[in-house]
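Notes follow the structure.
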Amino acid sequence: MVAALTPSSAPLGLVASSGDRSVRLWWSLPASTGGTPITDYAIQRSPNGTTGWVTINDGVSTARSYTVTGLTNGTRYWFRVFARNGVGTGPASNVVHQVARTTPTAPRSLVAAPTNRSGEVRLTWSPHASNGGSAVTDYVIQRSPNGTSGWTTINDGVSVANAYTVTGLANGTRYWFRVISTNAVGPGPASNVAAGAARTITTAPTALSAVPTYVSGQIRLSWTAPSSNGGSPISDYVIQRSPNGTSGWVTISDGASTGRSFTVTGLTNGTRYWFRVYARNAVGTGPGSNIAHSAPFTPRVPSAPRGFDIDASYEGLNLTWSAPEFLGGYPTYDYVVQVYDSTDGWWTYPDGVSTSTSLWIGVPGYGCVDMRVAAVNAVGRGQFSTIYDSCYFETPSVPRNTWGNGYYGSGNIFNFIIAWNEPWEDGGLDILGYTVEYWDGSSWVIAELTDARATQSKIIPSPEQCLRMRVAAVNYLGPGAYATIRHCR
């Protein structure tokens, strides 16, 4: 007897997995084919698993898997499968459901900004445009030393917050960051890359100095910038003063300035003040500098120049001195040199305005002179140096009333007689004598005299028909100007 043919039993073990706008289905053969081969599997879907079943147009196939496409990510669908044979369609398989989904899109608008604490950068971002049909379960944060390579994942745990503070960074060093959304399907694409540098407060300003100015009641402060700005530009220096350097510190109202010097005004002359300086950046105020102290004073004229000396010579006077020990609070801008005259008293030598501590008076002359020098600052002329009495000299002037004449003496030798009177000026020194020379055709030759100190006539043998002679007075400095005489027989 031949068994009757029947529809197959239900397909077994239907399972579903999600994909991008799709669901993949798998199942096993029915326990019974109903006595005739299976010719097709009919696949149905429903929006709720109970009603609204529609058959999916998948063609005719005996394959035991199928990917349902054209679905909406994030929407749940229910599925069942029927087996068909030559007799008809058997009962439905078990019902399964799944959500079509994919990875999320990239997080948006990532920003990296330093915080007000050392070594930190705060990351914030906007969520992805689409979660891919599945809720985001984590944001993966990565950093890089250059924004293109060397990306490492930051161990921030599992979080769906749209912000995170990265710690342990080097202040002032720039880092690059990106964020990746993750859902049940996996990680999506990375966000935009954002760069930021951690920062902290600055280190202390250094080398603070306090010096009185040249104005009453003022002290000038100057300092060196901190060795580190904490990764953020310095926006201001805060200046404080104290009456003793330990307590009573008050902040000086100097406005916001990044200049590294400041003049404190309105102080009491002769009173000592202590000062310190702090640097500020966007994070806050750093530690204080070293403490410097000073006292303002009332400027005065300078004291007398030191070491005034005169080196006298025939060419003139070379004056030298050293700056005053006390400048009076202002820099010296000129030295006044004065000369004493018995008729007019002290008069100022016109040497112009100069801070040089030497002066050359190139006026030949002789005699003795009293001189002095004083420094000048903005307050006025200071004390004069000790008066220096110096003598300076010159060689004698030319002999006066020179006369010469020739005649024939014994042996028919032509002789020359010259005479002169002493010069008007002896150069300030006694005349030691006179020098007489004659021209031998190529050079001047000193004539032998019986008495070089006399002013009487001299008889000189003549080496030629026309004779040129000259005479000069001599003092300690040497011969003065020559008077020349010429005679021809």
Side-chain angles (χ1 to χ4, degrees), residues 17-23 71-76 98-203 226-236 256 258 279-286:
S17 66
S18 63
D20 184 15
R21 290 175 295 179
S22 64
V23 170
L71 305 179
T72 301
N73 284 331
T75 300
R76 185 171 297 277
Q98 191 57 270
V99 178
R101 57 195 174 190
T102 185
T103 58
T105 56
R108 298 168 294 168
S109 305
L110 174 63
V111 174
T115 71
N116 291 338
R117 300 184 63 181
S118 176
E120 292 187 352
V121 169
R122 181 69 169 171
L123 304 179
T124 58
W125 60 91
S126 298
H128 34 263
S130 169
N131 65 5
S134 177
V136 169
T137 57
D138 189 24
Y139 286 106
V140 176
I141 303 170
Q142 294 183 332
R143 85 178 191 200
S144 162
N146 52 35
T148 56
S149 61
W151 291 100
T152 58
T153 298
I154 296 172
N155 184 18
D156 66 324
V158 176
S159 172
V160 293
N162 300 128
Y164 182 73
T165 299
V166 185
T167 61
L169 304 177
N171 290 322
T173 299
R174 185 168 294 277
Y175 298 88
W176 281 258
F177 302 91
R178 65 186 183 187
V179 179
I180 300 169
S181 300
T182 301
N183 63 7
V185 178
S191 68
N192 61 293
V193 175
R199 60 193 181 189
T200 184
I201 56 175
T202 72
T203 54
S227 58
S228 170
N229 64 7
S232 177
I234 293 173
S235 58
D236 187 26
T258 57
R280 278 180 177 167
N281 64 8
V283 179
T285 303

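Trp151 carries Arg178 over the face of its six-membered ring, with the cationic atom under 6.0 Å from the centre and within 45° of the normal.
For the side-chain contact (heavy atoms from CB on, under 4.5 Å) test, residues two or more places apart in sequence or in another chain that qualify with Ser109 are Ser126. Every residue was checked against the side-chain contact (heavy atoms from CB on, under 4.5 Å) condition with Ala135, not counting sequence neighbours, and none meets it. The side-chain contact (heavy atoms from CB on, under 4.5 Å) check on Val140 picks up Asp138, Gln142, Thr153, Ile180, Thr182, with sequence neighbours excluded. By the side-chain contact (heavy atoms from CB on, under 4.5 Å) test, Asn281 pairs with Thr202, Ser232, Val283, sequence neighbours left out. Remark: Arg21 pairs with no residue by the side-chain hydrogen bond (donor to acceptor under 3.5 Å, both in side chains) rule, at least two apart or across chains.
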Under 3.5 Å, which donor-acceptor pairs link side chains of residues 156-167 to any protein atom two or more places apart or in another chain?
from   : atom 1 : to     : atom 2 : distance (Å)
Ser159 : OG     : Ala161 : N      : 3.1
Asn162 : ND2    : Tyr139 : OH     : 3.2
Thr165 : OG1    : Arg122 : NH1    : 2.6

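When all heavy atoms are compared, the tightest approach of Ser18 to Gln98 is N-CG, 3.5 Å. Across every non-hydrogen atom of Ser118 and Asn171, the tightest pair is OG-ND2, 2.8 Å. The minimum heavy-atom distance linking Trp176 with Pro145 is given by the pair CZ3-O, 3.1 Å. Across all non-hydrogen atoms, the minimal contact from Ser149 to Ser144 is O-OG, 2.5 Å. Taking both residues in full, the closest heavy atoms of Ala129 and Arg108 are given as N-NE, 3.9 Å, listed atom of the first, atom of the second, then distance. When all heavy atoms are compared, the tightest approach of Pro107 to Pro189 is CD-O, 3.9 Å.
Residues Asn73 and Thr102 form a side-chain contact, since some pair of their non-hydrogen atoms from C-beta on lies under 4.5 Å apart. Taking 4.5 Å as the limit, every side-chain heavy atom of Leu123 sits out of range of all side-chain heavy atoms of Val111. Within the 4.5 Å cutoff, the side chain of Leu169 has heavy atoms near those of the Tyr175 side chain. Put simply, the side chain of Val23 reaches to within 4.5 Å of the side chain of Leu71, judged on heavy atoms.
Atoms CG and OG1, on Asn131 and Thr105 in that order, are 8.0 Å from each other to the nearest 0.5 Å. Remark: Arg117 CZ to Thr200 OG1 distance equals 10.0 Å, nearest 0.5 Å. We find the CG-CD1 distance between Asp236 and Ile234 to be 10.0 Å, quoted to the nearest 0.5 Å. Rounded to the nearest 0.5 angstrom, Ile141 CD1 and Leu110 CG are separated by 8.5 Å.
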Residue pair Thr203, Ser227: steps toward the side chain to side chain donor-acceptor pair (under 3.5 Å) verdict
CA-CA 6 Å; Thr203 54; Ser227 58; 3.2 Å; yes
